[in-house]
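Proteins get letters first, then strands, A, B, ... in listed order; numbering begins at 1 in each.
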Protein chains: 2
Amino acid sequence: MEDVAREAGVSRALVSLVMRDSPKVSPAKRTAVLESAAALGYSPNRLASRLASHRTHTLGVLFLDLHNSVFADIHDGLSAGLAGSGNQVMVAVGSADPRTELEAVRSFVDLRVDGVILAGYTGTSEDLTAALRGTPGVVITRELEADGVDSVLTDDFRSGVLAVEHLYGLGHRRIAHVDISDWLPYTARREGYLHAMRQFGLEPQLVHSDMTERGGRAVMEQFLDSGAERPTAIFAHNDLTAIGVMEALAGRGLAVPSDVAIVGCDNIEFAASPLIGLTSIDQHARELGLVAAQAMLDRIAGTAGPAATRKLEPALMVRRSSDPAA
Amino acid sequence: MEDVAREAGVSRALVSLVMRDSPKVSPAKRTAVLESAAALGYSPNRLASRLASHRTHTLGVLFLDLHNSVFADIHDGLSAGLAGSGNQVMVAVGSADPRTELEAVRSFVDLRVDGVILAGYTGTSEDLTAALRGTPGVVITRELEADGVDSVLTDDFRSGVLAVEHLYGLGHRRIAHVDISDWLPYTARREGYLHAMRQFGLEPQLVHSDMTERGGRAVMEQFLDSGAERPTAIFAHNDLTAIGVMEALAGRGLAVPSDVAIVGCDNIEFAASPLIGLTSIDQHARELGLVAAQAMLDRIAGTAGPAATRKLEPALMVRRSSDPAA
DNA sequence: TTGAAAGCGCTAACAC
DNA sequence: GTGTTAGCGCTTTCAA
């Protein structure tokens with residue numbers, strides 16, 4: 001920068017202004033600076049500028065799992081929502097391990113990102129607040145009580161209810177739920193399921209899995225082989241699991257939906273594929289990203305209140321896996 | 001840091017040493033520093049430490065498309081390969097747009113990352129070299145001629161050949177290829193296809209699409225509706241496209257593989273699903289990530305030569321879409 | 001082992 | 001508009 005200034009015959013400050021294209025630089029000097037910068041192959045060290053300016057224009061984003069395309073959809077929404085805001089995104093993957101997740105958040109904070117967005121955080125509110133140290137946060141797919149942390153999600157309880165109501169309406173009475181690990185803070189889908197089952201006077205049946213296709217398949221195979229009475233319908237925690245369940249059923253020669261009807265949750269791209277035809281509860285993933293981006297921008301701009309929750313309404317997408325007519 | 005030093009009754013330099021757990025600090029002082037740091041809620045500003053130390057211990061990683069799970073596999077490999085190296089990863093998504101990609105690379109470089117890994121770069125070698133400004137680079141899924149940039153890929157030409165040989169062996173003679181845009185630098189799969197077709201004295205037939213499920217589907221529907229003579233087998237550039245092609249065929253009431261056999265490329269998770277059963281050419285995505293991570297670590301350590309290419313051998317995975325017996 | 005001093009490359013007031 | 005002067009918060013000699 002020193003060199004560029006000398007070469008262009010101006011001061012370092014002027015170079016700095018040009019680099020940030022400030023309006024208060026004369027066109028002549030501007031081109032002079034730009035030319036010598038090009039000649040010398042100079043580009044500003046952003047580490048230094050960030051350190052000096054206390055602004056990084058970078059947002060840290062944490063995803064639970066890159067293999068679940070619902071996070072790709074959320075990412076699309078975030079990118080779209082952040083486009084033109086001058087912010088860039090730094091992605092980390094947490095793998096459903098609170099330790100890894102918090103490590104990533106701390107890392108973001110140590111780098112002084114302007115904000116942290118978490119899509120699929122599995123730890124506690126206290127740990128997050130501690131790791132954030134006052135950095136603005138937005139949590140997607142979950143409702144969290146924490147100062148300065150907004151929540152953006154789709155109503156998971158309602159999703160569970162929608163699934164059961166749909167299956168009940170089709171005449172099903174033995175409806176099982178493939179749930180996730182007990183310790184995970186994502187309980188609302190299960191609760192919605194349990195609530196609706198009770199409302200209809202039905203006996204709930206829970207099986208635990210791990211949110212993956214492989215997991216859903218394994219748990220279902222095990223279940224089918226156990227000789228337990230088979231449900232006529234299954235509501236799975238997410239689409240990946242639901243697809244795994246469908247694979248297990250196919251492997252045992254059972255037909256979907258005539259032997260067992262399936263409903264997933266998330267409405268990922270593959271669920272909609274005619275090859276799969278999975279009935280699912282749309283979480284509006286892309287819009288979650290969009291809304292979260294806006295919430296973060298508001299929070300950074302200081303125009304946000306203490307901590308808001310934005311909850312979207314889920315939408316039932318009926319397909320072949322629950323209704324052959326669809 | 002000043003405060004911590006005062007609180008612990010030591011100098012700032014000592015605090016710095018403790019924070020980087022240097023071995024040359026007495027245990028007593030160490031705990032004293034750690035305690036006052038905890039008491040004051042201090043954590044080092046990594047921007048500052050990076051600026052001063054000229055090392056960021058961060059690698060920039062660029063992915064072509066988060067919706068294609070082959071990149072999630074590559075990411076898994078990278079994480080595994082980098083685990084324990086003390087490096088963290090910063091992800092950006094390029095969306096097959098050279099401008100966006102170069103922008104991301106420049107951004108990485110301006111932040112002084114220690115290296116840049118590109119999985120699915122679509123621009124030119126010159127532009128990349130210019131954007132990198134000497135930062136070590138590793139390109140995955142492509143062979144690039146550039147100083148200080150290693151290439152890690154699976155033999156794409158061979159993949160194309162494998163696909164055709166497989167289909168020829170099954171008796172197919174009218175084998176079409178669903179290709180990608182002409183301007184993209186990923187031409188080897190097509191060339192392998194063309195080469196093998198010529199070898200067998202067959203007439204090649206190319207259709208262009210865009211590497212996505214939706215794109216593959218659209219192009220196939222259009223093709224089927226055009227009334228052109230239908231091939232008996234199709235080799236698609238990647239699995240996403242192949243799945244789109246299968247959807248289009250299903251939509252027109254054509255059976256796979258009896259009416260049309262399909263071979264994809266990448267061997268993504270869903271290809272292996274019994275619900276899809278797509279024959280594919282495995283690119284060993286996870287291993288690509290692993291190898292790329294190692295190449296980058298070597299390059300950063302300075303133990304790498306000028307620019308090496310590591311090429312893996314693709315593997316044919318036969319499934320239902322080409323062979324009902326599989 | 002510990003401390004003092006000199007940067008890292010840039011931004012931000014302020015004065016010119 | 002343009003230049004001057006301090007820092008930003010840490011690392012790094014180097015001497016003690």
Side-chain angles (χ1 to χ4, degrees), chain A residues 1-37 40-58 86 88 106-114 133-135, chain B residues 1-37 40-58 86 88 106-114 133-135:
Chain A
M1 179 158 164
E2 192 74 60
D3 303 336
V4 176
R6 196 177 321 112
E7 170 90 8
V10 299
S11 76
R12 293 179 26 194
L14 211 264
V15 176
S16 173
L17 287 177
V18 171
M19 280 345 246
R20 286 175 282 150
D21 30 51
S22 150
K24 28 187 170 182
V25 177
S26 67
K29 299 254 176 187
R30 149 165 281 121
T31 54
V33 169
L34 253 25
E35 270 172 22
S36 15
L40 294 167
Y42 166 83
S43 86
N45 181 331
R46 292 222 218 166
L47 278 182
S49 76
R50 288 174 174 203
L51 178 60
S53 71
H54 298 282
R55 287 287 262 111
T56 59
H57 296 288
T58 297
Q88 78 170 118
R106 266 184 233 110
S107 183
F108 284 149
V109 171
D110 288 348
L111 284 168
R112 301 298 188 263
V113 297
D114 293 344
R133 297 165 163 273
T135 306
Chain B
M1 178 155 164
E2 191 73 60
D3 303 336
V4 176
R6 196 179 318 112
E7 169 88 8
V10 299
S11 75
R12 293 180 25 194
L14 211 260
V15 175
S16 172
L17 287 177
V18 172
M19 279 348 241
R20 284 175 284 149
D21 29 51
S22 150
K24 29 187 169 185
V25 178
S26 67
K29 299 254 177 188
R30 150 165 280 121
T31 54
V33 169
L34 254 25
E35 271 170 22
S36 12
L40 294 168
Y42 167 84
S43 87
N45 181 331
R46 292 221 220 168
L47 278 182
S49 74
R50 288 174 173 203
L51 178 59
S53 70
H54 298 283
R55 285 289 261 113
T56 59
H57 297 287
T58 297
Q88 78 171 117
R106 267 184 231 109
S107 183
F108 284 148
V109 171
D110 287 348
L111 284 168
R112 301 298 188 265
V113 296
D114 292 344
R133 296 164 164 275
T135 306

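With a 4.5 Å cut-off on side-chain heavy atoms, A:T56 and A:L111 do not count as touching. Side-chain contact between B:P44 and B:M1 is absent, with no heavy-atom pair separated by less than 4.5 Å. A 4.5 Å side-chain heavy-atom check between B:R112 and B:L51 finds every atom pair outside the cut-off. Residues A:V18 and A:L34 meet the side-chain proximity criterion, which asks for heavy atoms closer than 4.5 Å.
For A:T31, the side chain to side chain contact (heavy atoms under 4.5 Å, CB included) test picks out no residue, with sequence neighbours left out. For B:H54, there are no side chain to side chain contact (heavy atoms under 4.5 Å, CB included) partners two or more places apart in sequence or in a different chain.
Of all heavy-atom pairs spanning B:K29 and B:V10, the tightest one is CD-CG1, 3.7 Å.
Listed by first then second residue, pairs satisfying salt bridge (charged side-chain N to carboxylate O under 4.0 Å, His left out) with a partner in residues 19-28 of chain B number zero, not counting sequence neighbours.
Nucleotides of DNA chain D lying under 4.0 Å from heavy atoms of chain B occupy a range whose first and last members, 5' to 3', are D:dG9 to D:dT12.
Taking only side-chain nitrogens and oxygens, A:S16 comes nearer than 4.0 Å to OP1 or OP2 of C:dT11.
In this model, a donor atom of one side chain and an acceptor atom of the other lie less than 3.5 Å apart for B:T58 and B:R50. Of the N and O atoms on the side chains of B:S43 and A:D110, at least one donor lies less than 3.5 Å from an acceptor on the other residue.
Contacts between residues 40-52 of chain B and DNA chain C, defined by a heavy-atom separation below 4.0 Å, involve B:L51, B:A52, listed by number. Near-neighbour residues of DNA chain D inside residues 20-32 of chain A, defined by a heavy atom below 4.0 Å, number-ordered: A:K24, A:V25, A:S26, A:K29.
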